[in-house]
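Below: one structure, written as structure tokens.
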Amino acid sequence: MLKQLKIPVGVSDFRKIRENGYYYMDKSGLIEELLKTDATEVTLITRPRRFGKTLGMSMLDNFLDIRKDSRYLFSGLKISQNQELCRKWMNQWPTLFLSFKDVDGSTFENAMGLLKFTLSQICIEHQYLEESSRVNPAYKQIFTRLKEQTGTFTDVQSSLLVLMRMMKEYYKKPVILLLDEYDVPMAKASSNGYYEKMLEVIKTMMSTALKDNESLRFAVVTGCLRIAKESIFTGTNNFTTDTISDIRYDEFFGFTRPEVAEFLKEAGCQDCQETVRKWYDGYIFGNIEIYCPWDVLNYVQRVLTEGVKKPENFWEHTSDNKIIELFLKRRDFDVTEKFEKLLNGEAIRESVNENVSYDFLTSTEENLWSLLYLTGYLTKVKEETQEELPQERNKITLKIPNAEIQDIFRKSVLNWLQEKNMYSDRKELFEALWKGDSEKLTELISDLLFDTISYHDYAESFYHAFLAGLFSGAGYVVESNHESGLGRPDLVIKDKVKRRAAVLEVKVSRKESELERGCERALVQIQERQYRKKIEASGFKTVLSYGVAFFQKSCRIMSHIAWRKKNGKLGNAD
């Protein structure tokens, strides 16, 4: 019988997880590792989305915040064994914890409104500062405006500095700043065309809070990308970064293999181990293999609640996956061969720049490979066997980490193909279709296939989507696997104006030499299952039948007319 664990899907509040008995993977070693280097003022940690950054920051907040008593939350966790560290740090320091994850907006004005709202919520949380006689009245005036969301542009820029100075005056101790998802405002600004305006806000906010600030004990900042220091962290002293290439915190974001094995054992899902490994493992952070925690938690919860063990793509629903399509649309980059290698499970060796700037993310091919690597769409190969040449010192051997991300790549390639086909000149293709010219159709579709991105394990679904995309958006009704006759034809294209239709049945051949036989099998299926008869009965005067066979990038199309002329097997009934 499956064990009913409380799975914390979507819960990133450390206190809530511990108080409510949710399953918790002990990551408290992060605290000890972080506090080893007392001299570091600013630590920037970057990881892809859904790898536990916010939960890690919430844990730090609960451990450090002077307003809390958190000993019971850490009871039994690894950090509780270090009594000296707990005595010195646990709930001993004023802590300012905020997240920029919701600072989104299609315009700068909307984004600024959300930023003001975020700052207002923090001010409400620390409202005691406004009421204290220990705090400078001039700071209180700014605080009140921030709380009421009436702050000036300068108020917003200086907000973190003002809050930290107020907290230092109140507690007589310097402040620990925990800033989660710091780069979200810059990412959204870059996507929506107001990057320079937002940069002016965030850069000043960071500079005043992190550079030569006597109120700062230390800061931990998290995000998806390590934005170039000169863009935001200009002049920041004692600044260290930890990216997915570094080893210091490699085990603290995401699940390690032993952690997943223990979790599956606790949940009674040991038989799912291979599925979980194939679909959600494969990321290399530092020197260790990491599973995406969001996927593992979602999958196990689904198994426990529904009993469904079929893997699902959970990661693609958490954000817009247009990065891959953005890459494909660049006419000045020829990435077809590289994408084919990746989709076939092979690796490519590319230059990667971990110091990027959102306004130049798509300016070079190197930046785009860097973006795919840093955001989790690609990972490095753990062991590099080739000898590193001097000219390749900035290069990393990259691959798709697992089946889930490969699925996202395939869907992105299909979306790109369909959009590309929709805006191409397809007049000649349509003419050949309605004339029953299977030779011309074979030629035209073969040319289009040659320009696609291929992979070895082609499935019929790929070709269905490819063909559907060719005939969509042109005034025709395109029905895929629509109920008709005694079965479901793969594709039906209807021209209601001229009362004509075409039935396409698709077969995937194992060899190129078997393409013609694949067409024959498809046409026989159309005849035996009477696909055409129902369409004719609904009022269409002309219904054409096509058998379509594919082998990788090779295509063969045969009409029922051509087949009848060849050997008469379909007869007049067809």
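Residue numbers count from 1 along this sequence. On a predicted model such as this, the values are computed, not experimentally measured, just so you know.
The shortest non-hydrogen separation linking K310 to Y299 is O-CE1, 3.9 Å. The two residues I244 and L374 come nearest to each other via the heavy atoms CD1-CA, 4.0 Å. Contact record, M186 with I202: SD-CG1, 3.8 Å, taken as the closest heavy-atom pair. The two residues S159 and L146 have their closest heavy-atom pair at CB-CD1, 3.7 Å. In plain terms, the two heavy atoms of V303 and C269 that are nearest each other are CG1-SG, 3.8 Å. Across all non-hydrogen atoms, the minimal contact from R49 to C224 is N-SG, 3.8 Å.
In summary, of the residues considered (I17, V11, L60), a side-chain contact (heavy atoms from CB on, under 4.5 Å) with L55 occurs for I17 alone. Partner of F51 under the ring-ring contact (aromatic ring centres under 6.0 Å, His included) criterion, out of F285, F253, W294: F285 alone.
In this structure the side chain of M205 reaches within 4.5 angstrom of the side chain of F100, judged on heavy atoms. The shortest distance between side-chain heavy atoms of L177 and M164 falls below 4.5 Å. Proximity of T222 to L179: side-chain heavy atoms (C-beta onward) are nowhere separated by under 4.5 Å.
Using modelled atom types, no side-chain atom of N20 and backbone atom of Y22 make a donor-acceptor pair closer than 3.5 Å. Under a 3.5 Å cut-off, the side chain of S75 and the backbone N or O of R71 do not form any donor-acceptor pair. For the pair D61 (side chain) and F97 (backbone), a donor-acceptor distance under 3.5 Å is absent. Side chain of K53 to backbone of R47: a donor-acceptor contact under 3.5 angstrom is found. Counting only distance, with no hydrogens or angles, the side chain of N402 and the backbone of E404 share a donor-acceptor pair below 3.5 Å. Within the 3.5 Å criterion, the main-chain N or O of D65 finds a donor-acceptor partner in the side chain of N91. The closest donor-acceptor contact from the side chain of S80 to the backbone of L77 lies under 3.5 Å. Counting only distance, with no hydrogens or angles, the side chain of S370 and the backbone of E366 share a donor-acceptor pair below 3.5 Å. Side-chain N or O atoms of D26 include one that pairs as donor or acceptor with a backbone N or O of S28 at under 3.5 Å. Put simply, the side chain of S70 gets close to the backbone of N62: a donor and an acceptor are under 3.5 Å apart.
Salt bridge annotation for R67-E125: present, with a cationic side-chain nitrogen under 4.0 angstrom from a carboxylate oxygen. Salt-bridge check for E365 with K338: passed, with a basic side-chain N closer than 4.0 Å to an acidic carboxylate O. Of the charged side-chain nitrogens involved, none lies within less than 4.0 Å of a carboxylate oxygen, so that E41 and R217 do not count as a salt-bridged pair. One finds a salt bridge joining R302 and E312 here, because a Lys/Arg side-chain nitrogen approaches an Asp/Glu carboxylate oxygen to under 4.0 Å. Under a 4.0 Å N-O distance rule, the pair K395/E350 does not qualify as a salt bridge. Look at E274 and R277 and you find a salt bridge, because one of the NZ, NE, NH1 or NH2 atoms lies within 4.0 Å of a carboxylate O, short of that distance.
D407 and N313 form a side-chain donor-acceptor contact under 3.5 Å, judged by distance and modelled atom types alone. When only modelled atom types and interatomic distance are considered, D180 and T54 share a side-chain donor-acceptor pair under 3.5 Å. Side-chain contact of S106 with N192: a donor-acceptor pair under 3.5 Å is absent, judged by distance alone. Side-chain polar atoms of Y72 and E19 form a donor-acceptor pair below 3.5 angstrom. No side-chain N or O of Y291 forms a donor-acceptor pair with one of T256 less than 3.5 Å apart.
Note: F14 and Y24 have perpendicular aromatic rings, judged against thresholds of 30 and 60 degrees for the angle between ring planes. Under the 30°/60° scheme for interplanar angles, the aromatic rings of Y377 and F409 are found to stand perpendicular. Ring geometry for Y280 versus F314: interplanar angle of 30 to 60°, hence tilted.
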Quiz prompt | Pair R165-S215, side-chain hydrogen bond (donor to acceptor under 3.5 Å, both in side chains): steps then yes or no | solution = CA-CA 6 Å; R165 285 186 175 174; S215 301; 4.6 Å; no
Exercise. For side-chain contact (heavy atoms from CB on, under 4.5 Å), just list the numbers for F74 and C86, CA-CA rounded to whole Å, side-chain angles, deciding distance to a tenth of an Å, and then say yes or no.
Key: CA-CA 10 Å; F74 291 91; C86 289; over 6 Å; no
Practice problem: Determine, step by step, whether L44 and D242 satisfy the side-chain contact (heavy atoms from CB on, under 4.5 Å) criterion, reporting the C-alpha distance in whole Å, the side-chain angles of both residues, the deciding distance to 0.1 Å, and the verdict. | Solution: CA-CA 6 Å; L44 171 63; D242 186 271; over 6 Å; no
Practice problem: Take Y182 and S99 through the side-chain hydrogen bond (donor to acceptor under 3.5 Å, both in side chains) test and state the conclusion after the steps. | Solution: CA-CA 7 Å; Y182 86 103; S99 175; over 6 Å; no
Quiz item: Passes side-chain contact (heavy atoms from CB on, under 4.5 Å), L98 versus L119? Steps please.
Solution: CA-CA 8 Å; L98 72 160; L119 294 171; 4.2 Å; yes
Practice problem: Test R248 against E33 for salt bridge (Lys or Arg N to Asp or Glu O under 4.0 Å), laying out the working first. | Solution: CA-CA 8 Å; R248 184 175 174 190; E33 186 62 41; 3.2 Å; yes
Quiz prompt | Intermediate values then yes/no, side-chain contact (heavy atoms from CB on, under 4.5 Å), I176 and L96 | solution = CA-CA 6 Å; I176 295 169; L96 182 62; over 6 Å; no
Exercise. Please assess R226 against T46 for the test side-chain hydrogen bond (donor to acceptor under 3.5 Å, both in side chains), listing each intermediate value before the final yes or no.
Key: CA-CA 6 Å; R226 171 182 167 179; T46 61; over 6 Å; no
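Taking the six-membered ring wherever Trp is involved, the centroid distance between the rings of H126 and Y128 falls below 6.0 Å.
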